[in-house]
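So the structure is just underneath, and the comments pick up after that.
In the text below, chain A, chain B and the rest are named by the order of the sequence lines, each starting its count at 1.
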Number of protein chains: 2
Amino acid sequence: MKLYDMVKAPNPRRVRIFLAEKGVTIETVEVDIPGGANLGSDYLAINPRGVVPTLALDDGSVIDESIAICRYIDALHPEPNLFGREPLEIARVEQWQRRCELEGLFNIAAVFRNTAAPFANRAMPGTAPSLPQIADMAERGRVLTRHFIDALEARLGESDFVAGDRYTVADITALVAIDFAKWVQIRISDAHPNLQRWYATVSARPSARA
Amino acid sequence: MKLYDMVKAPNPRRVRIFLAEKGVTIETVEVDIPGGANLGSDYLAINPRGVVPTLALDDGSVIDESIAICRYIDALHPEPNLFGREPLEIARVEQWQRRCELEGLFNIAAVFRNTAAPFANRAMPGTAPSLPQIADMAERGRVLTRHFIDALEARLGESDFVAGDRYTVADITALVAIDFAKWVQIRISDAHPNLQRWYATVSARPSARA
């Protein structure tokens, strides 16, 4: 197995943190997305979608959605458990993983991809159609990111971790989202004491450096 | 348990088809979203996010992301299997479920919510901030929906079902997406023979009427 990676990008980091929590090591290959390497013929021969992270299996096939890669690793290495054990915990982990992704990470990405100069004519990742940036989408993304941060602050007033009383994949997505938000100048503050407490805890885990 | 539902809306349909495939019956309560019932105080007392579908448990807590609801049902009723059995199948189901959702369903929703008159000042679902529609997002959504349909056509030239050789939750999301696309006048055609073959097969299952 080989993981096509980009050290600075948020989605590959989700997979690297997941692997670190599982104690699993996979050979990684850095792909220079701002330089366009993900759209070069060498990389497209590996993954025609041109997206990162991509897990290349030994038979040449690839898995290329971050959470799909995590579920593959999880099925091979079930412990420590990160997706929940009993029905209600499984549901809470999925619910909060999705909220942190759909309301958090993706809105921050909407701000970034619709404003960052290197993506001026490729507002969508990989080989998706070339599309111009939409300034109003970036603005909407900012409003929704702040709304998400407030929702997460409220949630972390109810429980120690995002999905409940222990660390799960939902915390990984939330941590990556909060760090990614800094790229678009949105930061948690003293108005978010629960988020600050949680952020200190999850950032102190060795996996956060992955 | 009680499922807050809206018969015409795509996300609740995903859950209803999933339940039908599992052979599980849950009491449903119709919520009139176009009429604003999901934002009324009665419904917000059940789910403060104001979204549908919502599964209300007997202890008063709720689960409210479609796939989180499906995973809860799956954990209670593992058979028939719809999320994959061995590691690679689990990964493929997750990968394709996500692609059908992120590239399909969500782009179609972007067209719909940014053009439909009833959502003029609430382009986001539930109690998310009131936001004006963005015409350029609708147009982008159209381009990306067509791109997704082409990708799904190619995929269904490789395998009988979306995630492989049997019916899974990825087919449910894909079916709901293809039917939802009609709302914004995007239809599969004779240019999509594999999609047409697959669509006839999955639409003929009794669950498709759920």
Side-chain angles (χ1 to χ4, degrees), chain A residues 48-49 55 57 59 61-78 83-99 101-103 106-107 110 114 123-124 127-137 139-140 143-144 146-148 150-151 154, chain B residues 48-49 55 57 59 61-77 83-99 101-103 106-107 110 114 123-124 127-137 139-140 143-144 146-148 150-151 154 163:
Chain A
R49 289 179 73 207
L55 184 67
L57 307 183
D59 69 359
S61 68
V62 297
I63 304 171
D64 73 0
E65 279 284 327
S66 302
I67 290 291
I69 296 173
C70 292
R71 287 206 184 267
Y72 182 67
I73 300 300
D74 184 67
L76 293 173
H77 305 276
F83 277 111
R85 290 192 191 281
E86 39 73 44
L88 188 57
E89 193 190 33
I90 289 168
R92 289 274 171 260
V93 172
E94 182 77 336
Q95 179 181 11
W96 279 101
Q97 196 295 119
R98 287 173 62 87
R99 288 193 62 180
E101 187 173 66
L102 306 181
E103 300 173 26
F106 290 4
N107 281 317
N114 285 288
M124 298 300 300
T127 54
S130 293
L131 288 169
Q133 292 172 324
I134 300 174
D136 286 349
M137 259 188 91
E139 190 46 40
R140 174 187 287 192
V143 172
L144 294 173
R146 292 200 180 91
H147 182 70
F148 163 72
D150 290 344
Chain B
R49 290 179 73 207
L55 185 66
L57 307 183
D59 68 0
S61 68
V62 297
I63 305 171
D64 72 1
E65 280 283 328
S66 301
I67 290 291
I69 296 172
C70 292
R71 287 205 184 268
Y72 182 66
I73 300 300
D74 184 67
L76 293 173
H77 306 275
F83 277 113
R85 288 190 193 281
E86 39 73 43
L88 189 56
E89 193 190 33
I90 288 169
R92 289 273 171 261
V93 171
E94 182 78 335
Q95 179 182 11
W96 279 101
Q97 196 295 119
R98 286 173 63 85
R99 288 193 62 181
E101 185 172 68
L102 306 181
E103 300 173 26
F106 291 2
N107 281 317
N114 285 287
M124 298 300 300
T127 54
S130 293
L131 288 169
Q133 293 172 323
I134 299 174
D136 286 349
M137 259 189 92
E139 190 45 41
R140 175 187 285 192
V143 172
L144 293 174
R146 292 198 180 92
H147 181 69
F148 163 72
D150 290 344

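With a 4.5 angstrom heavy-atom cutoff, A:L102 touches chain B only via side-chain atoms. Heavy atoms closer than 4.5 Å to chain B are found in the side chain of A:L144, but not in its backbone. Heavy atoms of B:E103 lying under 4.5 Å from chain A belong exclusively to its side chain. Only the side chain of B:F106 comes within contact range of chain A, judged by heavy atoms closer than 4.5 Å. Looking at B:E101, the atoms closer than 4.5 Å to chain A (heavy atoms on both sides) all sit in the side chain, from C-beta outward. Residue contact with chain B, scored on non-hydrogen atoms closer than 4.5 Å, is absent for A:D150. Only the side chain of B:R92 comes within less than 4.5 Å of a heavy atom in chain A; its backbone stays farther off.
When each of B:I73, B:D64, B:V93 is scored by its heavy-atom pairs under 4.5 Å with chain A, the top score falls to B:D64. Contact count against chain A (heavy-atom pairs under 4.5 Å) is highest for B:L88 among B:L88, B:V143, B:D74, B:L55. The candidate with the highest count of non-hydrogen atom pairs below 4.5 Å against chain B, out of A:V62, A:L57, A:I69, is A:V62. If you tally non-hydrogen atom pairs under 4.5 Å between each of B:A91, B:A68, B:P87 and chain A, the highest count goes to B:P87. When each of A:H147, A:R140, A:E65, A:Q95 is checked for heavy-atom pairs under 4.5 Å with chain B, A:R140 comes out on top. Chosen from A:G84, A:S61, A:P129, A:A128, the residue pairing most often with chain B at heavy-atom distances under 4.5 Å is A:P129. Contact count versus chain A (heavy atoms, under 4.5 Å) is highest, among B:E86, B:R99, B:M137, B:Q97, for B:R99.
No side-chain heavy atom of A:D136 sits less than 4.5 Å from a side-chain heavy atom of B:D136.
Separating the CD atom in A:E94 from the SG atom in B:C70 is a distance of 9.5 Å, to the nearest 0.5 Å. Note that the NE2 atom of B:H77 and the OH atom of B:Y72 stand 8.5 Å from one another [nearest 0.5 Å].
Minimum heavy-atom separation, A:I90 to B:A75: CD1-CB, 4.1 Å.
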